[in-house]
Protein chains: 4
Amino acid sequence: MPETVAPGPIGLPDPARRSDRAYRAILDAAKGLLEEHGFAAISVDQIAKRAGVGKQTIYRWWPNKAAVVLEAHGEQAAAHVPVPDTGSIRGDLRRIAEDFANTLANTAAGRVCIELIGEAQHDAEFAEAYREIFVTARRAVVLAVLRRGRDRGEVRHDIDLEYATDMLFGPIWYRGLTQHAPLTRTFARAAADMLTDAIALID
Amino acid sequence: MPETVAPGPIGLPDPARRSDRAYRAILDAAKGLLEEHGFAAISVDQIAKRAGVGKQTIYRWWPNKAAVVLEAHGEQAAAHVPVPDTGSIRGDLRRIAEDFANTLANTAAGRVCIELIGEAQHDAEFAEAYREIFVTARRAVVLAVLRRGRDRGEVRHDIDLEYATDMLFGPIWYRGLTQHAPLTRTFARAAADMLTDAIALID
Amino acid sequence: MPETVAPGPIGLPDPARRSDRAYRAILDAAKGLLEEHGFAAISVDQIAKRAGVGKQTIYRWWPNKAAVVLEAHGEQAAAHVPVPDTGSIRGDLRRIAEDFANTLANTAAGRVCIELIGEAQHDAEFAEAYREIFVTARRAVVLAVLRRGRDRGEVRHDIDLEYATDMLFGPIWYRGLTQHAPLTRTFARAAADMLTDAIALID
Amino acid sequence: MPETVAPGPIGLPDPARRSDRAYRAILDAAKGLLEEHGFAAISVDQIAKRAGVGKQTIYRWWPNKAAVVLEAHGEQAAAHVPVPDTGSIRGDLRRIAEDFANTLANTAAGRVCIELIGEAQHDAEFAEAYREIFVTARRAVVLAVLRRGRDRGEVRHDIDLEYATDMLFGPIWYRGLTQHAPLTRTFARAAADMLTDAIALID
DNA sequence: CTATAAGCGAGACGGTACGTCCCGTCTTAGA
DNA sequence: TCTAAGACGGGACGTACCGTCTCGCTTATAG
């Protein structure tokens with residue numbers, strides 16, 4: 001996040017001079033408050049107070065609360081989504097779907113992902129950063145799996161892999177965000193299987 | 001929305017005493033402001049002012065801005081999602097998917113649906129009402145189509161129709177909310193087709 | 001209070017049709033609330049609720065909260081200030097001063113008199129009614145005493161009796177309202193004595 | 001008024017950090033609005049708007065509208081009540097009485113003094129500040145005059161000077177607040193003379 | 001090895017919106 | 001027909017945050 005400003009127009013602060021202590025304190029405070037009260041219930045003042053930091057120090061490096069929180073949780077969320085290799089796309093997709101569904105439904109990172117979706121709807125810059133963390137990274141894994149599957153001859157050549165990726169994640173996001181029904185492992189697996197069936201070269 | 005009040009706990013106002021004039025004025029004002037400025041940019045004071053109504057009259061019947069706006073747009077959004085009957089589930093599902101994708105991407109109701117998703121993440125009561133309007137109604141249509149298809153022998157009997165419904169809408173919500181790629185008619189049709197292929201008795 | 005409107009312009013309610021039950025309930029409720037919470041802390045809604053009366057029934061007969069409260073307490077306050085007759089103006093004035101000081105400092109009526117003074121500063125009609133109850137009646141008593149004293153030859157003939165009355169009550173009101181020092185019996189007596197000395201024919 | 005904050009309990013803001021600009025703007029706005037519309041007709045929002053100041057900045061330093069207005073006018077009201085020295089207590093007391101009566105009846109400060117008296121009846125802290133400005137300062141002058149008179153041998157030694165001071169101001173406050181009769185120069189002089197006569201060593 | 005510029009803590013600032021309270025008027029259901 | 005109940009338009013209240021600003025203090029480079 002700060003790097004996105006670093007090479008920007010003249011006038012922005014020099015990241016080299018940033019106080020590591022304050023930086024860590026802010027992210028930790030944000031993470032702690034977020035887990036205790038949720039995104040909507042916390043304020044920049046609270047983060048500053050808890051971090052023992054001046055408010056200006058927050059606004060010097062982030063544009064708003066959402067950006068701080070995003071970075072606070074994003075750093076671990078996007079950390080490293082492993083590329084599974086079970087030997088078949090069916091297994092790989094199941095593993096990915098199950099893992100993402102579990103993350104969304106049961107982890108702090110999932111709660112943050114869901115709580116922040118609203119911010120992304122009226123802030124293009126934030127939306128970009130949000131996607132970077134919660135969307136793009138995981139899609140890349142699926143795309144890699146699908147490409148490997150195609151190379152192996154498991155996937156039809158007329159399939160649009162981008163579309164296919166949407167078909168895998170879509171239902172999981174949908175349940176996670178609207179909560180019209182629980183986001184179970186069984187459901188995640190069903191989504192993976194349906195996709196696998198639909199794109200398989202030979203059923 | 002008024003119904004959520006009517007049978008509620010004692011102490012809430014009696015909906016029979018509500019002023020029709022004020023009620024309409026508030027919803028109309030909310031709808032107008034929403035279309036002009038978007039959810040995040042409007043306030044309860046503005047709605048009250050535009051409606052020529054005291055703020056208390058709004059808070060008497062709705063708990064907050066989100067609830068007003070939801071009801072204002074909900075009444076037309078949920079109005080009547082037509083059940084298509086093209087003769088085949090493929091055609092029906094395509095029609096539904098295309099229609100919903102178009103609504104989400106290009107209409108005021110779609111913008112509202114997206115703008116309000118954030119509210120649903122920290123307000124269970126609101127989330128329930130939100131689902132009623134933006135989720136449940138459309139799901140019912142798909143379920144009807146799928147059941148009819150099964151009766152006609154177009155759909156495998158081992159398919160969980162709820163899951164199937166999620167597979168249709170999921171990808172569309174996913175693109176609509178994360179905006180990682182445009183929500184095109186082609187994409188909607190692809191989602192419908194993939195589902196159809198996956199659940200068809202005979203391909 | 002209602003009598004002041006009774007013979008007024010056409011359109012005002014006919015006092016003959018007033019419900020005695022409601023009338024008493026309102027005054028009693030006002031008196032009770034006043035004694036429990038003080039003038040500033042109560043509202044017309046509270047009076048109506050406690051009286052088991054519609055708010056309109058209050059506004060039909062009184063212009064505002066202050067008028068209700070004034071009448072509620074005024075009826076007993078102005079009731080009948082006895083004209084003392086101790087045989088000398090010194091004794092009479094002492095009796096009057098002590099009684100008024102005691103009323104102001106220690107009785108519910110006194111608290112009301114003091115609490116309502118603020119209302120009289122921005123409502124001429126109210127001020128008139130207020131004076132009628134808390135000022136005029138008591139002044140009449142002093143004037144009677146002074147006139148009798150003059151007739152008896154106890155008071156100099158060049159004394160303006162109106163002024164003299166102000167000199168008696170003034171210091172008591174002053175201490176009652178500004179509270180810069182306690183309003184004691186001794187103080188009241190001192191005021192009476194100083195006045196007596198100043199106006200006596202032969203000291 | 002800021003002094004009431006400075007030595008107060010921990011937790012109150014540090015007056016050293018107060019913005020002089022905002023401070024002056026608020027007091028000036030309050031004074032202006034007060035003179036144009038009177039205390040009852042103005043609101044904290046109006047003061048803030050006119051001062052070009054956030055409402056919170058007012059509430060940070062004053063507890064309510066009355067306190068702001070009091071300080072706004074108090075600073076000039078209490079400014080410096082001159083100690084007259086006409087050579088005799090009769091002359092001094094006349095001068096003081098006439099001046100105060102004139103202030104109360106004809107100046108903006110007098111209007112404020114009268115308009116604010118109601119606030120003092122349900123707010124002990126405010127009452128204290130009110131007295132400081134409108135009561136104590138003027139009493140000190142009278143006490144000084146009386147003490148000087150006693151030293152000069154003009155005043156009897158058995159006179160309680162505090163009581164005497166009440167006898168001077170009492171009648172003026174009484175007429176000023178109840179308005180049962182006009183507050184004239186003649187009346188003020190009569191009050192001064194009656195007091196002088198009553199306390200003079202040799203009449 | 002200073003001096004000087006930046007970041008830092010603290011928190012006041014102008015401002016917007018909130019949700020509550022009360023006013024005095026208007027509407028309605030039921031005795 | 002009158003009244004209790006209470007909704008209504010209006011407006012002020014006092015609070016919570018926002019994102020900017022202004023202080024001294026401290027820290028680290030650049031002369």
Side-chain angles (χ1 to χ4, degrees), chain A residues 13-23 25 41-49 51-65, chain B residues 13-23 25 40-49 51-65, chain C residues 13 17-19 21-22 25 41-46 48-49 51-60 62-65, chain D residues 13-23 25-26 40-49 51-65:
Chain A
D14 171 6
R17 311 203 59 160
R18 183 200 288 224
S19 153
D20 280 354
R21 192 193 56 69
Y23 179 66
I42 70 180
S43 68
V44 174
D45 293 70
Q46 280 168 22
I47 297 173
K49 183 83 77 179
V53 137
K55 236 189 325 173
Q56 191 59 243
T57 303
I58 295 182
Y59 282 107
R60 189 158 19 239
W61 304 108
W62 294 274
N64 50 46
K65 176 176 71 156
Chain B
D14 172 5
R17 310 199 55 159
R18 191 198 285 233
S19 153
D20 281 352
R21 191 190 56 69
Y23 179 65
I42 69 180
S43 69
V44 174
D45 292 71
Q46 281 169 31
I47 297 174
K49 181 87 75 182
V53 139
K55 226 188 332 174
Q56 190 70 76
T57 300
I58 295 181
Y59 283 110
R60 186 156 24 237
W61 304 107
W62 294 275
N64 49 49
K65 177 177 69 158
Chain C
R17 314 202 58 160
R18 180 202 291 217
S19 153
R21 191 192 58 69
I42 69 181
S43 69
V44 174
D45 294 70
Q46 281 167 17
K49 182 85 75 179
V53 138
K55 240 195 313 179
Q56 191 57 243
T57 304
I58 295 182
Y59 281 107
R60 191 161 14 241
W62 295 274
N64 50 47
K65 176 177 70 156
Chain D
D14 173 4
R17 309 198 57 156
R18 192 200 283 234
S19 153
D20 281 352
R21 190 188 58 65
Y23 179 64
I26 290 165
I42 69 182
S43 69
V44 174
D45 292 72
Q46 280 168 32
I47 297 174
K49 180 87 73 180
V53 138
K55 227 189 328 176
Q56 190 72 85
T57 301
I58 295 182
Y59 283 109
R60 189 162 14 241
W61 304 108
W62 293 274
N64 49 49
K65 178 178 68 157

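To find a chain, count down the sequence lines: A is the first, B the second, and so on, and within it residues start at 1.
Spacing between atom CH2 of Trp62(D) and atom P of dC13(E) amounts to 9 Å, rounded to whole angstrom units. Rounding to whole angstrom units, NZ of residue Lys65(D) and C1' of dG11(F) are separated by 12 Å. In this structure, Arg60(D) places its CZ atom 14 Å from P of dC17(F), rounding to the nearest Å. Taking atom CG of Asp45(D) as the reference point, atom P of dG11(F) lies 12 Å away to the nearest angstrom. If you take CD of Gln56(B) and P of dG24(E), they are 17 Å apart, rounded to a whole angstrom. As a whole-Å value, the separation of Asp20(A) CG from dA6(E) P is 20 Å.
Nearest-nucleotide positions on DNA chain F place Val53(B) closer to the 5' end than the other of Val53(B) and Ala41(A). Toward the 5' end of DNA chain F, the nearer of the two residues Val44(D) and Thr57(B), judged by each one's closest nucleotide, is Thr57(B). Toward the 5' end of DNA chain E, the nearer of the two residues Ala16(B) and Ser43(B), judged by each one's closest nucleotide, is Ser43(B). Between Ile42(B) and Ala48(D), it is Ala48(D) whose nearest contact on DNA chain E lies nearer the 5' terminus.
The base of dA10(E) sits with one of its N or O atoms less than 3.5 Å from a complementary donor or acceptor on the side chain of Arg17(D). Lys55(B) contributes no side-chain N or O that forms a donor-acceptor pair with the base of dG10(F) under 3.5 Å.
With hydrogens and angles disregarded, no donor-acceptor distance shorter than 3.5 Å links the side chain of Lys55(D) to the backbone of Ala48(D).
Backbone-only contact: Arg21(D) has heavy atoms under 4.0 Å from sugar-phosphate atoms and none from a base.
Between Ile47(D) atom CD1 and Ile26(D) atom CD1 the span is 8.5 Å, to the nearest 0.5 Å. Within the model, atoms OG of Ser19(A) and CZ of Arg60(A) stand 10.0 Å from one another, a figure rounded to the nearest 0.5 Å. Distance check: Asn64(C) CG to Ile58(C) CD1 gives 11.0 Å after rounding to the nearest 0.5 Å.
Ranking dC22(E), dA7(F), dC8(E) by closeness to the Arg18(A) side chain, first place goes to dC8(E). Nearest nucleotide to the side chain of Ala22(B), out of dC8(F), dG19(F), dC13(F): dC8(F).
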